Amino acid sequence: MKYRFSRKHLAIPYALFLLVFVVLPLIVIVYYAFTGNDGKPTADNLLNFFGDPNTLGTLLYSFILALVTTCVCLLIAYPVAYALAFSGLKSKSVLVMLFIMPMWINFTLRLTALKEILTLIEGNLAFHPFLNSVVGMTYDFLPFMILPIYNQLDRLDKSLIEAATDLGADKVKCFTRITLPLSMPGVISGVAMVFLPAMTNYVVLDMLYNSTYIMGSLIGSYFSAYDWHGGSMISLILLALICIFTLLTRDNESSDVRGGSLI
Amino acid sequence: MKKKSFLLFILVIALLLIYSPILILAVYSFTDATSIGFSGGFSLQNYVTLFTTPELSDMIWGTVALAFAVAVISTVLGTCGAIGAFYSKKRPQALIAVVNQIPVINADVVTGFSVCILLVAVFGMSKDTFFPLIAGQAALCAPFVYLSVLPKLSQMDPSIYEAALDLGASPAYALRKVVIPQIMPGIISGFAMAITLSLDDYFVATYTKPATFDTVSTYVVNATRGSQTSIKTALWALSTIIFLIVLLIALLGNVKKKEGRKAGAEQ
């Protein structure tokens, strides 16, 4: 029988690729998370995580760090996105480009630059580990918060604001009743793009000499100790958190900007 | 008018905050100072060190080669996947879309760790083969190629392909001559995205790379854990060069966009 080419056959290699390198690794993680070194099924890894004040402390610390980072990012990104969308400048695309460009520079090199500046200001980075981590993460993730909010604000129908003004709404009311609610989808995808990396990107902490662990560092330490089972359990817990978070924040056309959207 | 200048003020402050560390580092990369804030004379020593230290130049070219290899593989896989999925039935299409979303939203630490555990712990593969590293980064990048190609397919006019078939083109020929050229912008931006992701990646690389190989990210992170000052300041030079390359690409892209708009206006 002769093979007849059809366009949908092109999906087969990619489907197999996803199966082997995306689905299978996750199955392996679930298997390893619930087995011990002897290969027998056990819930020890799970109990170890939830029974140990240290690991629970790590979970809490990552949560607080991510929360503070997300709030700081939002507080900076919203005015910037607003200014970008409403400045009425002709060279808007150049300005937007300037805010995207940092995403193309290797993040470890950007952190190196930030570290030098912080060292100059503070003298010794060891005095303010939490503050430095928040600053580092904000510096790293800010474009991911600016872009989706800007996209949403830029798309906003400006005549709505004019209509509200004509009907007697003041500026504050215009913002709280029109601009802010209509930009919420952008805010939500921005929060999703910042919160999760802030819980896991331990390189920021490492590079700024914050020796406290976050969830990502736990995987790193299990990896260094060749403890596949412990590491898998942490991965699984992170996956569960990511799932919950994604379910909470979906239902809006995600303006995905990771990797630096090349509009 | 008052409001406008206030908005501009915000933008300028934000840009200053974002760019000042990189720019200050760039200035210091041309001096012999070993720390920011110390005065030093003009010197190109950092740039000489960067290109003449084998350890550093190997790391740079290794990272670039890896990014290209990963981007080519991801682009081929992701583009074929997007075309195939787009013309498949609802169910397989939805399934691929869901699985494709996993590496996009998953934490990179988990992606890297899970690929490592499958290939190294379960299959017993050696990391020195580079296979885990390339496969891991491709698993991270290909879904983004898929996502950037897919919208181009739905924007395409399906009747052109049908017309090609009616005029006697084989499906494979019509695909090459009709479909691929139309989705080219999506393929190119997917490729560029894969390059950026691979260059920026630390987590997948650190879990899957051969012990003797370093990417820029893994090298820089190790270098901050105390190393020679000459290496530290040479990295400032690297940061400056990358910044200039990115700036150049952004400028070129902007000029192109303007030209495109002009051409569009003239038509």
Side-chain angles (χ1 to χ4, degrees), chain A residues 5-15 17-18 21-26 28-29 32 76 79-80 83-84 86-88 93-95 97-98 101-102 104-110 112-114 116-117 120 196 200 203 206-207 216 219 223 228 231-232 235 238-239 242 246 256 259-260 262, chain B residues 4 7-8 10-11 14-15 18 21-22 24-25 36-37 77 80-81 83-85 87-88 92 96 99-100 102-107 109-110 113-115 117-118 121-122 135 139 144 147 171-172 175 189 192-193 196-197 199-200 202 207 216-217 220-221 224 235 238-239 242-243 246 250 254:
Chain A
F5 173 78
S6 153
R7 285 182 290 184
K8 57 185 172 198
H9 294 167
L10 283 175
I12 297 169
Y14 189 55
F17 172 79
L18 287 180
F21 295 109
V22 176
V23 179
L24 209 53
L26 295 186
V28 170
I29 275 199
Y32 269 78
I76 300 174
V80 170
L84 270 175
F86 293 99
S87 63
S93 67
V94 178
L95 271 174
M97 181 70 90
L98 280 175
M101 254 177 53
W104 299 340
I105 303 171
N106 186 294
F107 81 104
T108 58
L109 288 173
R110 269 187 294 141
T112 309
L114 182 71
E116 295 296 328
I117 303 293
L120 181 67
L196 293 170
T200 54
V203 170
D206 275 6
M207 287 190 70
I219 297 184
F223 172 80
W228 303 112
S232 294
S235 302
L238 270 175
L239 269 173
I242 291 166
T246 312
D256 208 330
L262 292 131
Chain B
K4 252 184 203 162
L7 292 182
L8 262 176
I10 293 181
L11 291 179
L15 283 174
I18 291 174
I22 301 168
I24 292 174
L25 211 65
I36 296 236
L77 277 169
C80 290
I83 298 173
Y87 296 108
S88 294
I96 290 177
V99 178
N100 188 75
I102 297 175
V104 175
I105 47 178
N106 201 352
V109 199
V110 179
F113 183 79
S114 66
V115 169
I117 195 169
L118 174 78
V122 179
F144 287 92
L147 286 179
L175 184 77
S189 76
M193 215 180 266
T196 332
L197 280 170
L199 289 178
D200 210 45
Y202 169 82
Y207 292 113
V216 170
S217 301
V220 172
V221 171
T224 43
L235 289 175
L238 177 62
S239 157
I242 292 180
F243 173 68
V246 165
N254 213 56

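Remember, predicted model here, so these are calculated numbers, not experimental data. Numbered from 1 within each chain, the chains take letters A, B, ... in sequence-line order.
- The minimum heavy-atom distance linking B:Phe113 with A:Ser235 is given by the pair CD2-OG, 3.4 Å.
- Annotation: maximal heavy-atom pairing with chain A below 4.5 Å, among B:Leu235, B:Ile18, B:Ile242, occurs at B:Ile18.
- When the candidates A:Val94, A:Leu26, A:Leu114, A:Val203 are compared by the number of heavy-atom contacts under 4.5 Å with chain B, A:Val203 comes out ahead.
- Minimum heavy-atom separation, B:Ser114 to A:Ile29: CB-CD1, 3.4 Å.
- For the atom pair CZ (A:Arg7) and SG (B:Cys80), the distance works out to 13.5 Å, reported to the nearest 0.5 Å.
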Quiz item: Would B:Val122 and A:Tyr32 count as a side chain to side chain contact (heavy atoms under 4.5 Å, CB included) if you check the C-alpha gap in whole Å, the side-chain angles of each, and the deciding distance to 0.1 Å?
Solution: CA-CA 10 Å; B:Val122 179; A:Tyr32 269 78; 3.8 Å; yes
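- Chain A forms the most heavy-atom pairs under 4.5 Å with one residue out of B:Ala250, B:Ser217, B:Ala14, and that residue is B:Ser217.
- Note on A:Val28, A:Leu120, A:Ile105: by heavy-atom pairs under 4.5 Å with chain B, the leading option is A:Ile105.
- Across all non-hydrogen atoms, the minimal contact from A:Leu95 to B:Leu11 is CD1-CD1, 3.8 Å.
- The most heavy-atom pairs under 4.5 Å with chain B, out of A:Val23, A:Leu196, A:Leu84, A:Leu238, come from A:Leu84.
- The CG atom of B:Leu118 sits 5.0 Å away from the CG atom of A:Leu24 when rounded to the nearest 0.5 Å.
- When the candidates B:Val216, B:Val110, B:Leu238 are compared by the number of heavy-atom contacts under 4.5 Å with chain A, B:Val110 comes out ahead.
- Separating the OG1 atom in A:Thr246 from the CD1 atom in B:Ile105 is a distance of 4.0 Å, to the nearest 0.5 Å.
- B:Asn106 places no side-chain N or O within donor-acceptor distance of the main-chain N or O of A:Leu239, the cut-off being under 3.5 Å.
- Ranking B:Val115, B:Val220, B:Leu77, B:Val109 against chain A, the residue ahead of the rest is B:Leu77, based on heavy-atom pairs under 4.5 Å.
- Between A:Phe21 and B:Ala135, the shortest heavy-atom contact is CE2-CB, 3.5 Å.
- Counting only heavy atoms from C-beta outward, the side chains of B:Asn100 and A:Tyr14 approach each other to under 4.5 Å.
- When the candidates B:Leu8, B:Leu199, B:Val99 are compared by the number of heavy-atom contacts under 4.5 Å with chain A, B:Val99 comes out ahead.
- To the nearest 0.5 angstrom, B:Leu25 atom CG is 7.5 Å from A:Thr112 atom OG1.
- For A:Ile242, the part sitting under 4.5 Å from any heavy atom of chain B is the side chain, from C-beta outward, and nothing else.
- Put simply, CG on B:Asp200 and CG on A:Leu109 are 9.5 Å apart, with the number rounded to the nearest 0.5 Å.
- By the 30° and 60° cut-offs, the orientation of the rings of A:Phe223 relative to B:Tyr207 is perpendicular.
- With chain B as partner, the option from A:Met97, A:Met207, A:Arg110, A:Met101 having the largest number of non-hydrogen pairs under 4.5 angstrom is A:Met101.
- The heavy-atom pair separating B:Ile96 from A:Ala11 by the smallest distance is CD1-CB, 4.0 Å.
- For A:Asn106, the parts lying under 4.5 angstrom from a heavy atom of chain B are both the backbone and the side chain.
- Nearest heavy-atom pair across B:Tyr87 and A:Lys8 is O-CB, 3.8 Å.
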